[in-house]
Amino acid sequence: NRFVLQQREWNYLLMTQRITAVLATLILALFLTGLMFPVGSYVIVDDDAQFGARGSTFTTIQAALDSGASTVEVRDGVYTETLNIAYPVEIIFRDGVTIPNDGLTRSVYIAPAAAGTTIRGKGCVVGLHDGIGENGDFTQGVGFYIDASNVTLDGACVRNTRSFGIAINNSAVNHVT
């Protein structure tokens, strides 16, 4: 009787290990094929929405960029943050997007690795100060600081920044309309 009980425990243990191995393999396969975290994903940012509300997945633009999404739609609102774009991405600003600039930073920095980035729509970087940055630093208070090639800015606006609305550095073949 004791032998039968030990045999059942052994069979249960083997079955549990097999199920665990199958589940681990399935999760790995989903991850590697991009079904779990799709490459080329489209995310929505809404500053006043709860997670998942109205189809939104993020409340800040930088968090959406950090997710690795290939397309980021930004809904109307005020986004008090500094954006560091580190990879090629398409950002779509819907009407009423405002990114305040404190006059000490670059509101939107497009790094060299982000060549091919497109920002389009009616988003606006609005500066809070006039004049040149501290100690004559022209990189302070910049709306869009482009350090990459083949970047497109289509329809975005910049107002009242401390030094430059759009600064282009070490790059070529950019399109601003």
Side-chain angles (χ1 to χ4, degrees), residues 27 30-129 133 139-171 173-177:
I27 290 171
L30 287 172
F31 183 78
L32 292 176
T33 60
L35 294 175
M36 184 175 282
F37 300 106
V39 174
S41 60
Y42 185 101
V43 298
I44 298 172
V45 181
D46 191 340
D47 69 329
D48 59 1
Q50 297 293 325
F51 183 78
R54 293 182 4 188
S56 299
T57 46
F58 296 96
T59 57
T60 68
I61 302 168
Q62 189 62 52
L65 292 169
D66 291 344
S67 76
S70 61
T71 304
V72 176
E73 176 187 330
V74 183
R75 293 190 174 160
D76 67 312
V78 177
Y79 297 89
T80 306
E81 57 185 304
T82 299
L83 304 182
N84 290 302
I85 302 172
Y87 64 93
V89 62
E90 178 182 22
I91 300 173
I92 304 165
F93 290 135
R94 296 296 176 207
D95 290 345
V97 173
T98 301
I99 302 171
N101 180 283
D102 62 7
L104 300 174
T105 59
R106 301 173 273 202
S107 292
V108 181
Y109 174 66
I110 304 171
T117 290
T118 297
I119 299 174
R120 62 185 169 92
K122 301 199 172 153
C124 198
V125 174
V126 179
L128 304 177
H129 303 284
T139 65
Q140 294 179 339
V142 173
F144 292 91
Y145 191 92
I146 301 171
D147 217 0
S149 295
N150 199 28
V151 171
T152 299
L153 292 179
D154 182 15
C157 76
V158 184
R159 290 193 309 256
N160 200 34
T161 57
R162 188 170 248 187
S163 52
F164 296 107
I166 300 170
I168 300 174
N169 184 47
N170 297 324
S171 59
V173 195
N174 293 297
H175 311 278
V176 178
T177 60

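In this chain, numbering begins with 1 at the start of the sequence shown.
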Nearest-0.5 Å distance that lies between atom [atom1] in [X] and atom [atom2] in [Y]:
{"X": "I44", "Y": "T59", "atom1": "CD1", "atom2": "OG1", "result": "13.5 Å"}
{"X": "F93", "Y": "D154", "atom1": "CZ", "atom2": "CG", "result": "12.0 Å"}
{"X": "I99", "Y": "L83", "atom1": "CD1", "atom2": "CG", "result": "4.5 Å"}
{"X": "L153", "Y": "I146", "atom1": "CG", "atom2": "CD1", "result": "4.5 Å"}
{"X": "Y145", "Y": "I168", "atom1": "OH", "atom2": "CD1", "result": "11.0 Å"}
{"X": "C157", "Y": "I166", "atom1": "SG", "atom2": "CD1", "result": "10.0 Å"}

Can you name the closest pair of heavy atoms from [X] and [Y] and give their distance?
{"X": "V158", "Y": "G143", "result": "CG1-CA, 4.1 Å"}
{"X": "D47", "Y": "Y79", "result": "N-OH, 3.0 Å"}
{"X": "N150", "Y": "H175", "result": "OD1-NE2, 3.9 Å"}

Tell me which donor-acceptor pairs under 3.5 Å the side chains of residues 108-119 have, and how far apart each pair is, sequence neighbours excluded?
from	atom 1	to	atom 2	distance (Å)
Y109	OH	D147	OD2	2.9
T117	OG1	V89	N	3.4
T117	OG1	A114	O	2.7

Any side-chain heavy atom of L65 within less than 4.5 Å of one from N84?
no
Pair listing, salt bridge (Lys or Arg N to Asp or Glu O under 4.0 Å) test, anchored in residues 108-121, at least two apart
E90-R120
Just grab all the salt bridge (Lys or Arg N to Asp or Glu O under 4.0 Å) pairs involving residues 91-101, residues at least two apart or on different chains.
E73-R94
Residue set satisfying side-chain hydrogen bond (donor to acceptor under 3.5 Å, both in side chains) with S171, at least two apart, ordered chain then number -> N174
Could you work out, with side-chain hydrogen bond (donor to acceptor under 3.5 Å, both in side chains) as the rule, every residue matching Q62, not counting sequence neighbours?
D66
Sequence neighbours excluded, which residues qualify as side-chain contact (heavy atoms from CB on, under 4.5 Å) partners of A64?
V43, V45, F58, V72
